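Position 1 is the first residue of the sequence, and the numbers go up from there. All values reported here derive from a predicted model rather than from experimental measurement.
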Amino acid sequence: MNTSCFLIRILAAVQLTILLSGVCIPTFGQDSSRTKEKWKFSLRDSLDNAIDFSDWIINAHGVIPVPNIITEPALGFGGMLAPIALHKHEQPVYAPGQKQLAPIRPDITGAAGFYTDSKSWGAAAFRTGTVVKWGLRYAIFAGYADLNLNFYKTLPLLGEVKYGTNIKSIPAFLRLRKQLGYSNWLGGVQYTFVSTKARLTDPVLPDSLFKPKEFKNLTSMPGLLIEFDNRDNMFTPNKGIKMHIDGNFSYNVFGSDMEYTHLSGFVFDYIPIGKRNKWVSGLRADYQQVIGDIPFYFKPSIDLRGIPRGRYQGNTIAVVETEQRWNVFSRWSAVFFTGVGKAFDDYADFGSAAWNYNYGTGFRYLLARKFGLYMGADVARGPEQWGFYVQFGSSWVR
């Protein structure tokens, strides 16, 4: 989802629902007898008899209830339930030597609701799908959220001050992407609408330090994007690259109350090392730039495990991170990661702006072999605190 919308960034951190919008269902159409067999419920893999959810995901009909634990420090501890329904597409059969493209994703219709111990809550409905004959992918999202979050402001005499806010938001999002020829390149358009009401929840800072429109405003923001994705797996990639660039424009002429441009781009690169992907080296670079007058709660922030979202904000964000996954034995893997990021308002401040770091470790278990989906948990340290994260698939979700 577009990081220019704060709520959509928070829901992206929840991860599993967003991951499901990128799932690639394996093809079994070439064996018609298999589809006619009566499926027997089992959470054991037929190859190694280990606990595995592949067949349950593939063969379950109707609505699938997907639970998830929220551990994002900015939101607090909580949970989410997302009932979804999947519709599989027939996958193309490639001739030997023919260039293979990314698999066709299933159509997914669902809803989600979450609640955390900070008394933040929200609900949403979404739909993602593919019009195969046109090479067109679409995503639709709408929801409501009531969030209690902390932000930070640096004042001349007091230095950095922490202040609490309550943000009530009604977001809607639409994205259309078109495959460019016979390739893994996509171009598209997107549109974000957000109606926001915000208020300070403590008397630390006076309202006069903020613009009146920041407390009640409409954001109506069209955008353009281009993307390349040749990763071998949408859940936990072992090799391949994903590159993405987008520009989003919030201006009065489109119906917005505050005028700004939000530019963002990222690259994820996965490099396998050794036989059978014994070691996978992941590299990430992320950049965001805001030009204009943006509300404080939409301002980009450093996105690294161990650092609460919204902790370090700026008109410009630059992040680099590496994650190393060691497939130790059978279905179990160890993960090690570290990264640095800067947040600043003007390029003249780049040299004086602090590098904010993270480091940590975790584990993964191959939960669904036929999807290449790993699940696990990470413990991360940022500049001020530790963080704990439950992970479904890759920790880099976009």
Any donor-acceptor N or O pair under 3.5 Å, side chains [X], [Y]:
| X | Y | value |
| --- | --- | --- |
| S301 | Q313 | no |
| R325 | N238 | yes |
| S333 | N327 | yes |

Parallel, tilted or perpendicular: which one describes the rings of [X] and [Y], with boundaries at 30° and 60°?
| X | Y | value |
| --- | --- | --- |
| F344 | Y347 | perpendicular |
| Y359 | W386 | perpendicular |
| F350 | W355 | perpendicular |

Under 6.0 Å between ring centres: does that hold for [X] and [Y]?
| X | Y | result |
| --- | --- | --- |
| W332 | Y365 | yes |
| F210 | F296 | yes |
| W121 | Y144 | yes |

Going hydrophobic residue to hydrophobic residue with side-chain gaps under 4.5 angstrom, can you get from Y138 over to L136?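 Y138 and L136: one cluster.
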
Considering residues at least two apart in sequence or located in another chain, which fulfil the ring-ring contact (aromatic ring centres under 6.0 Å, His included) criterion with F266?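 If we apply the ring-ring contact (aromatic ring centres under 6.0 Å, His included) test to F266, skipping adjacent residues, the hits are H244, F268.
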
Tell me whether K239 is salt-bridged to D232, with the criterion being a basic N under 4.0 Å from an acidic carboxylate O.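 Looking at K239 and D232, the cut-off is not met.
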
Got a salt bridge between E160 and R311, using NZ or NE/NH1/NH2 to carboxylate O under 4.0 Å?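 Salt bridge present between E160 and R311.
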
Would you indicate whether the side-chain heavy atoms of R331 and D52 approach each other to under 4.5 Å?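 Yes. Closest side-chain heavy atoms under 4.5 Å.
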
